[in-house]
Amino acid sequence: QVKLVESGGGLVQPGGSLRLSCAARGIIFSGYDMGWYRRTPGKQRELVATITSGGSRNYVGSVKGRFTVSRDNAKNTVYLQMNSLKPEDTAVYYCNANPSGLPGMNYWGKGTLVTVSS
């Protein structure tokens, strides 16, 4: 039984920082590629950042230089450090887990809301 639980969302001012966490249960965490997606009401879900089982990172262009994705395999947790936040970053952020080499299999958390506003 797979469960992904996001935490760390909230209200932050523009230019501020926030750290999201996603704790995974029921998977062999070290063998999974992990990702963060976000969705704004009325918009398609967008891939924000990924970190593979091997530690390779990828970011959507709009967050490069501001966001950092990392993982702690000992804690079965993936993080998203968000700095220099902008109002356009406001969204529900979702954690995703995908077994490396099996792109058709995906697990999702329920999301955590990030609101960037003054």
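All heavy atoms count here, side chains included; hydrogens, waters and symmetry mates do not.
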| query | Step by step, would you call Leu47 with Val60 a side-chain contact (heavy atoms from CB on, under 4.5 Å)? | reply | CA-CA 7 Å; Leu47 177 61; Val60 67; over 6 Å; no
Taking the side chain as everything from C-beta on, heavy atoms only, tell me whether [X] gets closer than 4.5 Å to [Y].
{"X": "Lys86", "Y": "Pro14", "answer": "no"}
{"X": "Ile51", "Y": "Tyr32", "answer": "no"}
{"X": "Leu18", "Y": "Val114", "answer": "yes"}
{"X": "Arg19", "Y": "Met82", "answer": "no"}

Side-chain heavy atoms under 4.5 Å apart, restricted to Ile/Leu/Val/Met/Phe/Trp/Tyr: what other residues fall into the cluster of [X], or is it alone?
{"X": "Ile28", "answer": "none"}
{"X": "Tyr79", "answer": "none"}
{"X": "Leu11", "answer": "none"}

| field | Test log, rule side-chain hydrogen bond (donor to acceptor under 3.5 Å, both in side chains), inputs Asp72 and Thr77 | value | CA-CA 5 Å; Asp72 186 341; Thr77 301; over 6 Å; no
Who are the side-chain contact (heavy atoms from CB on, under 4.5 Å) partners of [X], not counting sequence neighbours?
{"X": "Gln13", "answer": "none"}
{"X": "Asn76", "answer": "Arg25, Phe29"}
{"X": "Ser7", "answer": "Ser21"}
{"X": "Thr90", "answer": "Thr115, Val116"}

| message | Once rounded to the nearest 0.5 Å, what's the spacing between atom CG of Asn83 and atom OG1 of Thr68? | response | 6.5 Å
| request: Kindly state each residue pair satisfying disulfide (SG to SG under 2.5 Å) with at least one member in residues 72-118, sequence neighbours excluded. | output: Cys22-Cys95
So which atom in [X] and which in [Y] form the shortest heavy-atom distance, rounded to 0.1 Å?
{"X": "Ser30", "Y": "Asn73", "value": "CB-ND2, 3.8 Å"}
{"X": "Ala97", "Y": "Ile27", "value": "CB-CD1, 4.1 Å"}
{"X": "Ser53", "Y": "Asp33", "value": "N-OD1, 2.8 Å"}
{"X": "Gly9", "Y": "Leu20", "value": "N-CD2, 3.6 Å"}

| query | Of all residues at least two apart in sequence or in a different chain, which pass the salt bridge (charged side-chain N to carboxylate O under 4.0 Å, His left out) check with Lys3? | reply | none
| Would a distance-only check, ignoring hydrogens and angles, find a side-chain to backbone donor-acceptor pair under 3.5 Å from Glu6 to Thr112? | no
| note | residues 46-68 vs salt bridge (charged side-chain N to carboxylate O under 4.0 Å, His left out), sequence neighbours excluded, gives Arg38-Glu46, Arg66-Asp89
| query | Which pairs, with at least one residue in residues 42-66 and sequence neighbours excluded, count as a ring pair (Phe, Tyr, Trp, His ring centres under 6.0 Å)? | reply | none
| query | Can you list every ring pair (Phe, Tyr, Trp, His ring centres under 6.0 Å) pair that touches residues 83-111, not counting sequence neighbours? | reply | Tyr37-Trp108
| request: Take Val69 and Trp36 through the side-chain contact (heavy atoms from CB on, under 4.5 Å) test and state the conclusion after the steps. | output: CA-CA 8 Å; Val69 63; Trp36 289 96; 3.9 Å; yes
